[in-house]
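In each ligand, atom 1 is the first atom listed, and ligand 1 is the first ligand listed. This structure is a prediction, so every number in the text was calculated from the model and none was measured.
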Amino acid sequence: MTAPAVVVEDLHVAYGKTWALDGVDLEAAAGTTVGVLGHNGAGKTTLIRTLTTLVTPTIGRVQVDGLDVVADATAVRRRIGVTGQYAGLDEFLTARENLELIGRLTGLRRTARPRADALIERLGLHEYATRRVGELSGGSRRRIDLAASLVGSPSVLFLDEPTTGLDPIARTGLWEVVEELTAAGTTVVLTTQYLEEADRLADHIVVLRSGRVAARGTPSDLKRIVGGKVLAATVPAVRASALPFTPDTERPVDGGARIRVSVTVDD
Ligand code: ATP
């Protein structure tokens, strides 16, 4: 079995007297996607900032790709990519220039330009390649920002609410890119406020509430816990035994002539 790409054990992070994280455990197997769900202030950004070495744990242990985020912070940074809620791009440069600049800053020399071109190709960014980022829509910027986080060929990618504020088309476009990355073996830790996003992208979901894990499981586990989608029907009592499923609930109606049945379904 391969070692997990992300390990978080008993993580506590305090900002003054506020415990932004209050005992979080989490693991991401290599090549899988973990979705971290939670309302505003639940601690999602703090978790991402800790995993990406920007915040030091007050208590607990955090490892990325087998390396400790405190003791081996520099090595961790070389192996990760991060896309935050706001694109960190230079508005006066084109998408290609931004990607090339980041390549040079991270130590790629002659290969910075081919790497930028390869990412433009892979993420389908041709139409933005020669346009200044300042002229582009929020959705296009997020895709370029995602490309920027891939310049260093990260083995673990952190996406902090990557589609917040995007329209449905831009959101779907970004999801497709993330799906391609995970299919190619990248481990992804994604925070989101959208159930639909976690459902579509994550193999495993962790729900944070006030800095603690309120629930965890696969998307279908969680849907079962919270009820998921329920199919309800009223059927003649004499036909009830012929139903192709075992109902979760049954209630006689019309004096017993018919039965109201319901069952939880995945979709
Ligand atoms: P959002 O969805 O709004 O981004 P979040 O789930 O990412 O929220 P965090 O930003 O991690 O939540 O915040 C968790 C808690 O820590 C909140 O109570 C917040 O007010 C607090 N907090 C975050 N950053 C700081 C800081 N730099 N100083 C003090 N308190 C902070």
Side-chain angles (χ1 to χ4, degrees), residues 5-28 32-64 68-70 73 76-77 80-89 138-139 141-146 148-149 154 156-168 170-172 174-175 178 187-219 222-223 225-226:
V6 173
V7 178
V8 174
E9 277 176 10
D10 193 32
L11 176 61
H12 292 69
V13 174
Y15 294 116
K17 287 183 181 164
T18 307
W19 288 96
L21 295 176
D22 196 10
V24 171
D25 294 284
L26 180 156
E27 226 177 75
T32 65
T33 298
V34 170
V36 180
L37 266 168
H39 55 76
N40 289 121
K44 304 180 299 295
T45 300
T46 304
L47 178 63
I48 294 290
R49 290 176 66 81
T50 312
L51 284 162
T52 56
T53 79
L54 299 173
V55 165
T56 306
T58 312
I59 303 170
R61 189 171 73 104
V62 179
Q63 283 190 334
V64 174
D68 187 276
V69 293
V70 179
V76 168
R77 285 181 202 145
I80 62 174
V82 191
T83 298
Q85 291 177 35
Y86 305 98
L89 301 164
R141 286 182 201 210
R142 294 283 183 88
R143 283 173 63 184
I144 298 163
D145 200 43
L146 182 57
S149 67
V156 187
L157 185 62
F158 296 97
L159 305 174
D160 191 13
E161 299 191 23
T163 65
T164 295
L166 297 191
D167 66 39
R171 176 168 297 160
T172 313
L174 211 117
W175 286 348
V178 174
T187 307
V188 174
V189 178
L190 159 105
T191 73
T192 181
Q193 299 191 34
Y194 305 118
L195 266 171
E196 189 194 359
E197 183 160 280
D199 185 23
R200 163 127 178 206
L201 295 178
D203 301 298
H204 196 87
I205 294 176
V206 171
V207 182
L208 285 186
R209 187 168 57 217
S210 305
R212 296 189 179 171
V213 177
R216 66 172 83 230
T218 62
L222 292 182
K223 277 191 247 171
I225 293 170
V226 296

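Less than 4.0 angstrom separates some heavy atom of His39 from each of these atoms of ligand 1: 6 (O). Residue-ligand proximity, Thr45 to ligand 1, at heavy-atom distances under 4.0 Å covers atoms 4 (O), 5 (P), 7 (O), 10 (O), 11 (O). Counting atoms of ligand 1 from 1 in the listed order, those under 4.0 Å from a heavy atom of Asn40 are 1 (P), 2 (O), 3 (O), 8 (O). Within the listing of ligand 1, atoms 2 (O) sit less than 4.0 angstrom from a heavy atom of Gln193. Of all the atoms in ligand 1, the ones that sit under 4.0 Å from a non-hydrogen atom of Ala42 are 5 (P), 6 (O), 12 (O).
Between Arg142 and Leu174, the closest side-chain pair of non-hydrogen atoms falls below 4.5 Å. Contact of the Arg200 side chain with the Tyr194 side chain is not registered, since no non-hydrogen atoms from C-beta on lie closer than 4.5 Å.
Using a 4.0 Å heavy-atom cutoff, Gly38 is absent from the residues neighbouring ligand 1.
Here the rule is side chain to side chain contact (heavy atoms under 4.5 Å, CB included) with Phe158, and of Leu190, Val64, Leu47, Val36 only Val64 fits it.
Applying the side chain to side chain contact (heavy atoms under 4.5 Å, CB included) test to Ala198 and every residue at least two apart in sequence or in another chain returns Leu37, Thr192, Ile205.
Considering both main-chain and side-chain atoms, Ala20 never comes within under 3.5 Å of ligand 1 through any nitrogen or oxygen pair. When only interatomic distances are considered, the shortest N/O to N/O separation between Thr46 and ligand 1 falls below 3.5 Å.
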- Task: In sequence, state the C-alpha distance, the side-chain angles, and the governing distance for Asp25 and Val213, and then conclude on side chain to side chain contact (heavy atoms under 4.5 Å, CB included).
- Result: CA-CA 8 Å; Asp25 294 284; Val213 177; 5.8 Å; no
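One finds the CD atom of Glu161 at 9.5 Å from the CD1 atom of Ile48 (value rounded to the nearest 0.5 Å).
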